[in-house]
Amino acid sequence: MSTKIETPAEPTRRDVLRAVGAVAVGGIAAQTLAAPASADNATNVTNDVMVARDDAPLGARLQGVQHFGVTVQNMDRAYEFYTEVLGGTEVFRDGDFQGERIHNTLLTDQEIVARERKVNPLTLGVPNLKDGEQRLDVRFIQFDNVVIELLQYRDADQPAGSGDSFAEPRDHMSPAFPRSMHICFYLRDDVDFNKFIRDLEAESAKRGMTQVKANRIVTVTSEKERLAAPLESNSNPITEGLSDGWTLIYAKGPEGEQLEFVKALGPVKKRFADAFEAHRKRSEATGG
């Protein structure tokens with residue numbers, strides 16, 4: 001697999017993985033330093049910890065969610081939205097991924113489906129990374145508590161970061177379709193939700209991102225009616241049941257991707273906090 005990195009000074013995926021590995025090893029080593037031991041004993045303790053971890057339930061072997069990924073039609077447009085509109089920070093970018101190894105890693109299941117249906121994989125939106133006819137580029141965007149990965153599959157002769165994906169976007173983007181996913185952004189407690197949605201749409205429209213549209217809680221039958229709906233219809237506050245204190249609205253991003261914006265106050269905020277604490281204690285009890 002060959003890669004092309006646009007900014008040499010930025011860390012590559014390999015650099016990040018090495019750093020993560022070093023932190024993990026350092027964490028294990030720190031545990032062994034808690035009690036005086038010889039080098040041989042320290043090695044044995046480290047090995048015991050690793051063996052115990054590999055025998056633990058699957059959930060105890062996780063560190064949580066690392067990122068959410070969204071495949072985009074236009075990388076520069078998506079990058080602008082998630083960094084300049086929503087304020088994320090680029091972690092790094094990498095790209096020009098091609099070759100048999102990466103092709104098989106990402107696309108084996110769809111290749112099998114194409115063979116079973118006796119159709120050209122391209123008709124199912126499967127790129128030919130194996131022979132380098134298409135390439136994959138990625139950019140990672142950091143937010144306060146999660147990372148979003150933007151992916152674009154492009155033709156080999158198309159410059160990285162510009163133009164549209166080699167495959168056409170899907171027309172049906174209803175969240176009711178099985179396998180549909182969404183990215184949920186968490187608003188700060190003191191933010192005016194309705195004004196945030198209005199400003200989000202206005203800022204996106206200024207940048208030509210006409211796909212960025214939020215739903216309304218009142219019935220509208222046209223884009224004109226949606227835009228004319230009162231400001232207070234930009235969010236849905238829930239005031240009863242187990243979701244009491246939850247406020248939400250669904251919106252589309254610049255690539256047609258499904259977004260959600262939420263606030264959690266009052267009882268529902270406590271439910272999340274209690275669940276987080278319970279999960280933390282359970283992880284500690286299982287050696288997390």
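Note that the structure is predicted; figures quoted are calculated from it, not measured.
- Put simply, the side chain of Glu201 gets close to the backbone of Ala214: a donor and an acceptor are under 3.5 Å apart.
- Hydrophobic cluster membership differs between Val147 and Met75, with clusters built from Ile, Leu, Val, Met, Phe, Trp and Tyr side chains linked at under 4.5 angstrom.
- Criterion: ILVMFWY side-chain heavy atoms under 4.5 Å apart, direct or through other members. Under it, Phe261 and Ile217 are part of a common hydrophobic cluster.
- By the side chain to side chain contact (heavy atoms under 4.5 Å, CB included) test, Ser243 pairs with Ile238, Trp246, sequence neighbours left out.
- Using modelled atom types, no side-chain atom of Glu100 and backbone atom of Lys130 make a donor-acceptor pair closer than 3.5 Å.
- Side-chain contact between Ile183 and Tyr82: present, with at least one pair of heavy atoms (C-beta onward) separated by less than 4.5 Å.
- Atom-to-atom distance recorded for Leu259:CG and Leu86:CG is 7.5 Å, nearest 0.5 angstrom.
- Leu265 and Ile197 fall into different hydrophobic clusters, where Ile, Leu, Val, Met, Phe, Trp and Tyr are joined by side-chain heavy atoms under 4.5 Å apart, directly or via other members.
- Here Leu231 is tied to no hydrophobic group at all, with no ILVMFWY side chain closer than 4.5 Å.
- Judged purely by atom type and a 3.5 angstrom limit, Gln152 uses its side chain to pair as donor or acceptor with the backbone of Gln73.
- Under the 4.5 Å side-chain criterion, counting only non-hydrogen atoms from C-beta, Arg207 is not in contact with Val212.
- Between Lys263 and Asp192 no salt bridge is recorded (no basic side-chain N to carboxylate O distance below 4.0 Å).
- Residue-environment remark: CD (Glu240) stays at or below the threshold of 12 foreign heavy atoms within 6.0 Å.
- Here the side chain of His103 pairs a donor or acceptor atom with the backbone of Leu129 at under 3.5 angstrom.
- Clustering of Ile, Leu, Val, Met, Phe, Trp and Tyr side chains at separations under 4.5 Å leaves Phe276 isolated, with no partner residue.
- The shortest non-hydrogen separation linking Arg216 to Leu227 is NH2-CA, 4.5 Å.
- Not a single donor-acceptor pair under 3.5 Å links the side chain of Arg135 to the backbone N or O of Gly95.
- For Glu133 (side chain) and Asp131 (main-chain N/O), no donor-acceptor pair under 3.5 Å exists by modelled atom type.
- Taking both residues in full, the closest heavy atoms of Pro127 and Leu122 are given as CA-CD2, 4.4 Å, listed atom of the first, atom of the second, then distance.
- Using a 4.0 Å cut-off between charged side-chain N and carboxylate O, Arg280 and Glu277 make a salt bridge.
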Inset, instruction - Go through the steps to decide whether Leu200 and Phe81 satisfy the test side-chain contact (heavy atoms from CB on, under 4.5 Å), and finish with yes or no. - result: CA-CA 10 Å; Leu200 170 70; Phe81 178 75; 4.0 Å; yes

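- Between Gly161 and Arg139 the shortest heavy-atom distance is CA-NH2, 3.6 Å.
- Within 6.0 Å of the CD atom in Glu168, the count of heavy atoms belonging to other residues, nucleotides or ligands does not exceed 12.
- When hydrophobic clusters are built by joining Ile, Leu, Val, Met, Phe, Trp and Tyr residues whose side-chain heavy atoms come closer than 4.5 Å, directly or via intermediates, Phe140 is grouped together with Ile102.
- One finds the CZ atom of Phe196 at 12.0 Å from the CD1 atom of Ile249 (value rounded to the nearest 0.5 Å).
- Partners of Thr108 by side chain to side chain contact (heavy atoms under 4.5 Å, CB included), not counting sequence neighbours, listed by chain and number: Asn104, Ile112.
- Under the rule for a side chain to side chain contact (heavy atoms under 4.5 Å, CB included), the partners of Val113 that lie at least two apart in sequence or sit in another chain are Arg117, Leu124.
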Inset, instruction - With side-chain contact (heavy atoms from CB on, under 4.5 Å) as the test, would you mind laying out the steps for Phe166 and Gln158 before giving the verdict? - result: CA-CA 9 Å; Phe166 93 101; Gln158 176 184 311; over 6 Å; no

Legend entry - From CA spacing to verdict: side-chain contact (heavy atoms from CB on, under 4.5 Å), Leu106, Tyr153: CA-CA 12 Å; Leu106 300 174; Tyr153 294 87; 3.7 Å; yes

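- With a 4.5 Å cut-off on side-chain heavy atoms, Val72 and Val70 count as touching.
- The main-chain N or O of Ala251 is found under 3.5 Å from a side-chain atom of Gln258 such that the two form a donor-acceptor pair.
- One distance of note links CG of Asp76 with CG of Leu150; it measures 10.5 Å at 0.5 Å rounding.
- Within 6.0 Å of CZ on Phe68 lie no more than 12 heavy atoms contributed by other residues, nucleotides or ligands.
- Between the side chain of Asn194 and the backbone N or O of Ser235, at least one donor-acceptor pair lies under 3.5 Å.
- How far OG of Ser204 is from NZ of Lys213: 12.0 Å, rounded to the nearest 0.5 Å.
- From Thr89, atom OG1 reaches atom CD1 of Ile141 across 8.5 Å, with rounding to the nearest 0.5 Å.
- Considering all non-hydrogen atoms of both residues, Phe185 and Ile148 come closest at CZ-CD1, 3.5 Å.
- A salt bridge is absent between Asp244 and Arg271: the closest approach of a Lys/Arg side-chain nitrogen to an acidic carboxylate oxygen does not fall below 4.0 angstrom.
- Salt bridge Glu203/Lys206: present, at least one basic N to carboxylate O contact under 4.0 Å.
- Of the options Asn128, Val126, Leu107, a side-chain contact (heavy atoms from CB on, under 4.5 Å) to Pro121 is made by Val126 and by none of the others.
- The two atoms that bring Phe143 and Gly87 nearest to each other are CE2-C, 4.3 Å, heavy atoms only.
- Distance CD/Glu80 to CZ/Arg77: 10.0 Å, rounded to 0.5 Å.
- Under the 4.5 Å side-chain contact rule for hydrophobic residues, Val262 and Val268 share a cluster.
- What you find for Pro230 and Ser233 is that their closest heavy atoms are O-OG, 2.6 Å.
- One N or O on the side chain of Asp137 and one on the backbone of Asp96 form a donor-acceptor pair closer than 3.5 Å.
- Contacts of Asp144 classified as side-chain hydrogen bond (donor to acceptor under 3.5 Å, both in side chains), with partners at least two apart in sequence or in another chain: Arg188.
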